[in-house]
Amino acid sequence: LQSLERGPVCLSDFPRGRLFVIVIWSTWSENSGAELERLEQLYRKHKDEGLVVIGINVENQTISPADVAAIKKMARNLKLSFPILLDKGLTTFHNYGVVAVPSTVVADKSWTILFDLAAYPIVGREDLFEFIEATIEGREVSREEVLEMLKRTMRQHSIGREKRIDYILRTLKERPP
């Protein structure tokens, strides 16, 4: 991955926060802008409490200077203050099994995935933001609530996505309280 403003970076280069949100997005995705705006609002509100948001742009297989200009323009127009990384070659996109853009993953400080949302669907998007706010503010979110949130969003995705969500569900169920 390469920073939009600097050279190559990896996730370990970022500060160890309490909660990480990684959003995979593009300028051509109709829903990316709306999700980025909401995440920017959360980031500004909670960054001092340990919320880390990282945007990974998956514009094209090869990223041209025109692509970089479009990415910078969108980031500037949305007033994004969190880091934007470029996925040249779409390596991260393929390695993470992304099935829709935007896709969002929420992880704790040990990189355990806590929540996963693809495509910014109407069903599930508010669950995502409620989960992030509740977790960073230290409000109790029960396993049952998380499982219900994931089940609602899981119904909206492909079979491949369901298998991945099943893995997350099993992991949540197996983790001791």
*Taking W25 for its side chain and G33 for its backbone only, find out whether a donor-acceptor pair lies under 3.5 Å.*
no

_I need the T27 OG1 to N77 CG distance, nearest 0.5 Å._
11.5 Å

*Carefully, step by step, assess F93 and V101 under the rule side-chain contact (heavy atoms from CB on, under 4.5 Å).*
CA-CA 10 Å; F93 180 88; V101 175; 3.8 Å; yes

_Student check: side-chain heavy atoms of I56 and V23 closer than 4.5 Å_ = no

*Does a side-chain heavy-atom distance below 4.5 Å link I84 with I71?*
yes

*How far does NE2 of H94 sit from CG of D87, to the nearest 0.5 angstrom?*
8.0 Å

_Lys/Arg N to Asp/Glu carboxylate O, R38 vs E126, below 4.0 Å_ = yes

_Flag, side chain of S32 to backbone of S26, donor-acceptor distance under 3.5 Å_ = yes

*Report the distance from atom CG of L117 to atom CG of L128, rounding to the nearest 0.5 Å.*
5.5 Å

*asked:* Rounded to the nearest 0.5 Å, what separates atom NZ in K73 from atom CG in L78?
replied: 11.5 Å

*asked:* Are F115 and T104 packed together at the side-chain level, in the sense that at least one heavy-atom pair is separated by less than 4.5 angstrom?
replied: no

*Quick one: does Q61's side chain have a donor or acceptor within less than 3.5 Å of a partner on G89's backbone?*
yes

*Going by heavy atoms in the side chains, are F131 and T135 under 4.5 Å from each other?*
yes

_Is there a side-chain contact (heavy atoms from CB on, under 4.5 Å) between L42 and F129? Walk through the geometry before answering._
CA-CA 8 Å; L42 283 176; F129 297 113; 3.4 Å; yes

*Are the side chains of Q2 and V9 in touch, meaning some heavy atoms are under 4.5 Å apart?*
no

*Evaluate the side-chain contact (heavy atoms from CB on, under 4.5 Å) criterion for residues K72 and L4: first the C-alpha distance (whole Å), next the side-chain angles of each, then the deciding distance (0.1 Å), finally the verdict.*
CA-CA 8 Å; K72 285 182 176 182; L4 190 57; 3.8 Å; yes

*Looking at CZ of F20 and CG of L114, how far apart are the two atoms once the value is rounded to the nearest 0.5 Å?*
11.5 Å

_Nearest heavy atoms of S103 and V98, plus distance in Å_ = OG-CG1, 3.7 Å

*Hey, which of L19, I132, V21 is the one that makes side-chain contact (heavy atoms from CB on, under 4.5 Å) with V53?*
V21

_I'd like to know whether E59 forms a side-chain contact (heavy atoms from CB on, under 4.5 Å) with L86, so could you lay out the CA-CA distance, the side-chain angles of the two residues, the decisive distance to 0.1 Å, and finally the verdict._
CA-CA 8 Å; E59 202 66 23; L86 304 176; over 6 Å; no

*Give me the one residue out of Q41, E40, H46 that meets side-chain hydrogen bond (donor to acceptor under 3.5 Å, both in side chains) with R44.*
E40

*Which value, rounded to the nearest 0.5 Å, describes the distance between L1 atom CG and T91 atom OG1?*
8.0 Å

*Between R18 (side chain) and L51 (backbone), is there a donor-acceptor pair under 3.5 Å?*
no

*Does the D67 side chain pair with the main chain of S64, one donor and one acceptor, at a distance under 3.5 Å?*
yes

*Flag the pair K45 and E133 as a salt bridge only when some basic side-chain nitrogen lies within less than 4.0 angstrom of an acidic carboxylate oxygen.*
yes

*Determine, for R139 against E130, whether the closest basic-nitrogen to carboxylate-oxygen distance falls under 4.0 angstrom.*
yes

